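Predicted, not measured: the structure shown is a model, and the values here were computed from it. Throughout, numbering of the chain's residues begins at 1 and tracks the sequence.
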Amino acid sequence: MYLNYKSFSVDIDCETLCFRAMYSNVRAGKETPFIENGRINVTDLNGNPLSVGDFKQKEVSEVFGLEATKIKIVLSGGTVATPSLELLFTCDSHGLSIFANARAYTTISGDFRWGSDMENATFSIRTGNQNSVLHTASGPVVSPFDNALYDRLTDSMLTYRTAGKMQVRFDWQKKCYSFTHTNGLDHGKELRFTVKKEVIESRYNTPFAPLEYAHQFKTPPIGWMTWYAVKFDCSREKVFENAKKFTSIFSKYTETAPVIWVDWEWCHKCFDGQGEEGADIFHPRKTAYPDGLKEVADKIKSLGAIPALWTGATNEGVLNDMLKEHPEWVAGKRTIWCGQYWVDLTNPEVLEKYIKKIFRQILDWGYEVVKWDCLPATLESLSLLHDNLYDKTQSPHQALRNAVAAARSVLGKEHYLLSCCGTSERDTTFAVDLFDAARIGNDIFTWEDYLEQSVNLVLHYYLLHNTVYYADGDNLVLRSEFNNIEQARSRVSFYGLSGLPLTLGDEISSLDDGRIELLKRIMPTVSLHTGELEIKKRDERFQIVNAAFARNGRAWNVAGVTNFLAEQAEITVDTAADLRLDSSMRYALFDFWEQKFIGTCSSKFTLDIKPYDTKVVRVTPLDGSVVTLIGSNRHITQGAVEIESEEKDGSSINYNVKCVENEPLILTMLLDECVQDIKSSGATLERDGNICKIAVSGKGSSAFSLEYSLK
């Protein structure tokens with residue numbers, strides 16, 4: 001029996017109580033299922049299953065109401081224990097409701113179909129949670145506190161709400177999320193599904209387009225940048241020296257070629273905005289790059305890296321030849337840090353002949369990645385110079401969007417385009433559909449700047465990260481001038497567990513072995529996305545990043561807990577409230593930076609953390625397995641990079657792992673007390689009570705197995 005009201009429909013088999021639910025986006029013009037294989041099962045209080053045939057009478061009625069359409073199924077004449085069953089399906093303007101009432105246990109189950117790629121692009125999320133914890137996720141993670149599925153490809157959300165018990169899991173064989181709803185005995189509990197469209201578009205009031213990964217980076221890029229490291233002292237020699245050191249130290253830890261960024265000092269000598277004779281947006285400073293920028297790009301490529309270049313295409317410190325020839329292209333003069341002459345982006349000739357030429361030249365020089373700076377300043381300048389514009393009907397916002405579209409027509413989708421930087425939502429979100437990434441704040445040299453311009457803004461914009469573009473928290477600055485080792489560890493931990501782009505902002509030679517080691521532990525970057533559709537604010541005392549991971553048959557969390565205080569602090573983590581875990585289960589805790597097992601817990605655990613330091617703890621569910629992987633020394637995610645597969649076969653476990661050449665991979669296992677003996681083939685094993693350390697060496701993929709016997 002079919003039921004419809006506006007966008008929602010349901011098709012019910014009244015004999016089997018099987019159903020499927022559909023949703024139609026009016027613009028799409030057709031219905032698509034959001035629940036398949038739906039089924040209502042009924043058991044009496046003694047656990048005996050009941051079917052429609054166990055009832056003598058069945059009445060089915062359809063009610064066409066003012067604001068809803070309903071199908072009511074009433075089964076009567078049943079057993080003494082369950083004399084009747086009432087089912088009610090309701091479609092209205094906003095959703096579908098299912099209500100089951102009987103003196104019995106009823107369950108409603110089915111497979112969600114929300115999005116075309118549910119494993120990678122549909123996120124199980126929680127809405128309405130306002131604490132400061134940043135929830136990140138990799139893979140189809142499901143928390144018992146989730147109440148919605150968000151499809152980043154369509155910016156739409158399917159929510160579910162009930163007073164009953166709702167269990168959702170990802171079915172790896174079907175590649176979809178499945179659910180089971182358990183009703184109560186107190187006259188039933190409604191299960192309601194609703195849809196919200198344009199979730200992020202409406203949240204930030206910005207055009208939406210999903211991140212397509214058409215560029216070189218399936219995960220956020222890793223690299224080194226001139227500006228933070230050497231500022232105006234940069235030269236081709238500095239670029240070559242750091243590019244060579246970066247690639248020699250870190251290339252074997254990355255999975256894509258690193259990016260070497262030549263920043264704004266290639267055509268600026270200082271902050272006065274006055275420019276330098278002979279240097280402009282088409283010509284580099286001769287003192288720093290005497291043979292031009294193509295030579296630099298070629299050298300970077302010869303090292304196996306990707307060359308990237310800064311541009312400030314909307315302004316100049318000195319009038320270049322094109323602007324001298326076309327003074328009408330200049331909207332006016334306003335001197336600030338980056339320049340003084342602002343081009344008129346409402347003039348179609350500026351877009352077609354000037355902006356496009358700038359980006360064609362960048363490609364001709366050999367640069368494959370572009371950072372476009374001065375965007376907030378451009379919006380401000382176009383506003384202040386509005387009376388001088390060629391087309392006064394265009395807002396600065398629209399004029400700058402048109403300029404980005406012109407640049408994109410030259411770059412194509414295959415070239416990574418980073419916007420820079422954000423001082424407000426306007427600057428950071430005006431063209432999320434046109435950029436691949438956005439630097440979301442101002443410079444972050446000092447610890448205080450890092451907190452204000454990186455952490456705070458990552459919390460504000462994380463909904464956009466890995467959804468519409470990569471949110472770039474700006475360079476990782478680790479040198480001792482700005483950080484003690486605890487602060488350096490905190491910066492690294494936050495970036496690694498948030499899955500942000502990693503661009504080093506230090507001369508490689510200025511970093512000691514300890515800081516180099518920290519960086520190796522967050523390379524490569526891992527694809528992480530938001531676990532909640534809420535804008536967060538930082539707690540002044542501490543920050544928790546809860547990174548949840550799901551791989552085929554495996555799930556774990558990694559909690560990064562930062563102490564922002566100037567004194568040592570004990571910080572308690574609540575597994576339910578902070579990590580969105582089932583607090584009735586037991587979990588193993590492993591300290592990543594200290595490489596040690598620190599115990600087990602159910603509902604809470606407490607960490608003693610130094611001033612400005614971060615503890616990173618893998619939290620692994622103890623599900624009854626006699627051998628449980630609880631930690632790794634290779635990567636901060638502790639399993640997302642190094643564990644390719646884990647298969648159990650009787651009393652043995654087979655692993656495929658990924659190793660770094662000349663660096664032992666050490667995996668920590670927790671053994672159940674019933675394990676009498678354990679041995680390894682293909683790895684070195686060291687046991688200390690219930691803790692077992694497995695050391696694997698090799699290059700690339702390696703395999704080993706564990707065999708155990710029980711007492």
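Looking only at atom types and distance, the side chain of Asp54 has no donor-acceptor partner in the side chain of Thr79 under 3.5 Å away. Between Gln57 and Ser76, the side chains place a donor N or O and an acceptor N or O closer than 3.5 Å (distance only, hydrogens not considered). Between the side chains of Thr106 and Asn183, at least one donor-acceptor pair of N or O atoms lies under 3.5 Å. Side-chain polar atoms of Thr182 and Tyr105 form no donor-acceptor pair below 3.5 angstrom. Inspection of the Ser93 and Lys6 side chains reveals an N or O donor paired with an N or O acceptor under 3.5 Å. Side-chain contact annotation: Ser583 with Thr575, donor-acceptor N/O pair under 3.5 Å absent. In the model, Thr219 has a side-chain atom that pairs as donor or acceptor with a side-chain atom of Thr525 under 3.5 Å. Between the side chains of Tyr461 and Thr429, not a single donor N or O lies within less than 3.5 Å of an accepting N or O. Under the 3.5 Å distance criterion, with hydrogens and angles disregarded, no donor-acceptor pair is assigned to the side chains of Arg538 and Ser132.
Interatomic distance, CG of Leu622 versus CZ of Arg586, reported as 8.0 Å (0.5 Å rounding). In this structure, Ser602 OG and Leu581 CG are separated by 11.0 Å, a value rounded to the nearest 0.5 Å. Going from atom OG1 of Thr162 over to atom NE2 of His181 covers 3.0 Å, rounded to the nearest 0.5 Å. In this structure, CD on Glu31 lies 9.0 Å from CG on Asp11, to the nearest 0.5 angstrom.
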May I have the step-by-step check of side chain to side chain donor-acceptor pair (under 3.5 Å) for Asp111 and Ser178, ending in yes or no?
-> CA-CA 4 Å; Asp111 298 329; Ser178 297; 2.7 Å; yes
Apply side chain to side chain donor-acceptor pair (under 3.5 Å) to the pair Arg551 and Ser138, showing each step before the final yes or no.
-> CA-CA 8 Å; Arg551 299 295 186 265; Ser138 177; 3.1 Å; yes
Going through the distances and angles, do Gln543 and Asp539 end up as a side chain to side chain donor-acceptor pair (under 3.5 Å)?
-> CA-CA 6 Å; Gln543 178 67 51; Asp539 188 304; over 6 Å; no
Would you check, one step at a time, whether the test side chain to side chain donor-acceptor pair (under 3.5 Å) holds for Ser625 with Lys648?
-> CA-CA 10 Å; Ser625 300; Lys648 297 181 180 180; 2.7 Å; yes
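The pair Asp155-Arg203 does not count as a salt bridge, with every side-chain nitrogen at least 4.0 angstrom from each carboxylate oxygen. Arg408 has no carboxylate O lying under 4.0 Å from a charged side-chain N of Asp433, or vice versa, which leaves the two without a salt bridge.
With Phe430 as reference, Val404 is the one residue of Val404, Thr206, Asn205 to meet the side-chain contact (heavy atoms from CB on, under 4.5 Å) rule. If you run ring pair (Phe, Tyr, Trp, His ring centres under 6.0 Å) between Phe112 and each of Tyr23, Tyr160, Phe34, only Tyr160 comes through.
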